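In what follows, a single structure is set out as C-alpha cells and then discussed.
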Amino acid sequence: MASTDAQASMEKEILGTPITQVVALTAANLQAMYATPVLVVPAVSNKAIVVNSVEFVITRTATAFTSGGVVAVQYNSTANGAGTSVQSSTIAASVVTGAAGTTYTVRPPATLSDIATASIKGIGLYISNATAAFATGTGTAVLRVTYRLID
C-alpha cells in the first residue's frame, strides 16, 4: 500500500508541474495549417491540458507569406481555426505576412471558467488559422506552449 500512496502522491505533483512543448513550423506547415492543423501537444488520456502561455516566434524571409487569417492554438484538430482557443487572443495574420525578419508574439491563456473537464480531457492542442490558408512564403516559426495537466 505504501508504494501505491507514494505513486499517487508523485502523480499529483507531476500534474501541477508546468511543461513546455516546442514545435518547429516549416513554411509548408504554415501554409497547410488552415485545412490541416498541426499537432502541438498530444492528447493525454484522462487528463486535461491547461495552457499557461503561448509564444510564437516567426522568421520571415524576402518571400513573404500572403493571404491567411488569424492564428490560434486550439483544443482538437478542427480545421479553419474553428476550435476552442487556448489563448486570450489570436495572433494577427500580419504577424505571419509581415516584412522579412524575426518577431516574437506572446499570448496569455484564455480564461477557462466553468468549463467541464470532460470536454477537454484527453484532447490535444493544435495550431491552425482562420479565414484562408497562407500562401507563397518561405519563412519558418517556432511555437512554444507552456501548460500543465489536470485531472
Side-chain angles (χ1 to χ4, degrees), residues 12-151:
K12 286 198 181 292
E13 272 185 45
I14 291 170
L15 289 177
T17 303
I19 302 163
T20 299
Q21 180 72 28
V22 179
V23 176
L25 299 167
T26 65
N29 292 142
L30 293 167
Q31 291 169 6
M33 69 185 185
Y34 174 68
T36 309
V38 177
L39 179 64
V40 177
V41 178
V44 179
S45 181
N46 287 325
K47 304 289 182 248
I49 299 167
V50 176
V51 172
N52 294 356
S53 68
V54 172
E55 301 170 30
F56 184 78
V57 180
I58 187 160
T59 302
R60 299 175 301 257
T61 66
T63 306
F65 288 100
T66 58
S67 302
V70 297
V71 176
V73 176
Q74 63 185 19
Y75 287 103
N76 222 331
S77 60
T78 309
N80 310 340
T84 301
S85 181
V86 303
Q87 59 206 45
S88 63
S89 61
T90 57
I91 298 167
S94 61
V95 170
V96 177
T97 61
T102 299
T103 62
Y104 299 82
T105 302
V106 179
R107 293 289 185 263
T111 301
L112 297 178
S113 178
D114 201 30
I115 190 167
T117 56
S119 67
I120 60 173
K121 265 190 178 180
I123 297 176
L125 303 183
Y126 292 77
I127 187 169
S128 186
N129 69 291
T131 313
F134 291 107
T136 63
T138 58
T140 60
V142 174
L143 179 68
R144 183 175 290 111
V145 177
T146 302
Y147 65 95
R148 41 198 173 81
L149 299 173
I150 61 171
D151 284 328

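Computed from a prediction, not measured in an experiment: that's the story for all the values here. Computation of the quantities below employed the complete heavy-atom set of this structure, encompassing side-chain atoms and omitting hydrogens, waters and symmetry-equivalent molecules.
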Among pairs that include at least one residue of residues 33-44, which meet salt bridge (charged side-chain N to carboxylate O under 4.0 Å, His left out), considering only residues two or more places apart or in two chains? none
Given Val40, which of Val86, Leu25, Leu143 fulfils the side chain to side chain contact (heavy atoms under 4.5 Å, CB included) condition? Leu143
With sequence neighbours left out, the residues meeting side-chain contact (heavy atoms from CB on, under 4.5 Å) with Thr131 are none
Mind checking the CD1-OG1 spacing from Ile91 to Thr103? Nearest 0.5 Å is all I need. 9.5 Å
So which heavy atom on Ser77 is nearest to which on Pro37, and how close? O-CG, 3.5 Å
Is a side-chain donor or acceptor of Gln74 paired with a backbone partner of Ser128 at a separation under 3.5 angstrom? no
Taking the side chain as every heavy atom from C-beta outward, state whether Tyr75 and Leu125 have any atom pair closer than 4.5 Å. yes
With a 3.5 Å cut-off and sequence neighbours excluded, list the donor-acceptor pairs that the side chains of residues 62-72 form with protein atoms.
| residue | atom | partner | partner atom | Å |
| --- | --- | --- | --- | --- |
| Thr66 | OG1 | Thr136 | OG1 | 3.4 |

Closest approach of Ala79 and Ala35, non-hydrogen atoms and distance? CB-O, 3.7 Å
Where do Ile49 and Pro42 come nearest, in terms of heavy atoms and distance? CD1-O, 3.8 Å
For Ser94, give me all partners under side-chain contact (heavy atoms from CB on, under 4.5 Å), at least two apart in sequence or on another chain. Ala92, Thr97
What's the verdict on side chain to side chain contact (heavy atoms under 4.5 Å, CB included) for Lys47 and Asp151, showing C-alpha distance, side-chain angles and the deciding distance? CA-CA 5 Å; Lys47 304 289 182 248; Asp151 284 328; 3.0 Å; yes
Min side-chain heavy-atom separation Tyr126-Leu39 under 4.5 Å: yes
Using distance alone, with no hydrogens and no angle criterion, decide if Arg107 and Ser89 have a side-chain donor and acceptor under 3.5 Å apart. yes
Minimum heavy-atom separation for Arg148 and Thr17, please, with both atom names. CB-O, 3.9 Å
Does Val142 reach the side chain of Val22, with side-chain heavy atoms less than 4.5 Å apart? yes
Main chain of Ala99, side chain of Arg60: is a donor-acceptor contact present, judged purely on distance under 3.5 Å? yes
Return the set of residues passing side-chain contact (heavy atoms from CB on, under 4.5 Å) with Val57 (not counting sequence neighbours), or none when no residue passes. Thr102, Tyr104
As a quick check of understanding, evaluate side chain to side chain contact (heavy atoms under 4.5 Å, CB included) for Arg144 and Thr20, giving each step before the final call. CA-CA 7 Å; Arg144 183 175 290 111; Thr20 299; 3.3 Å; yes
Just so I know, are the side chains of Ile58 and Leu30 near enough to count as touching, which here means a heavy-atom distance under 4.5 Å? yes
Pairs touching residues 27-46 that satisfy side chain to side chain donor-acceptor pair (under 3.5 Å), sequence neighbours left out: Thr26-Asn29
Testing the basics here: between Gln21 and Val41, what is the closest heavy-atom pair and its distance to 0.1 Å? CB-CG2, 3.9 Å
In the structure I gave you, are the side-chain heavy atoms of Val96 and Phe56 within less than 4.5 Å of one another anywhere? yes
Return the minimal non-hydrogen interatomic distance between Ala110 and Ser85, and the atom names on each side. CB-O, 3.8 Å
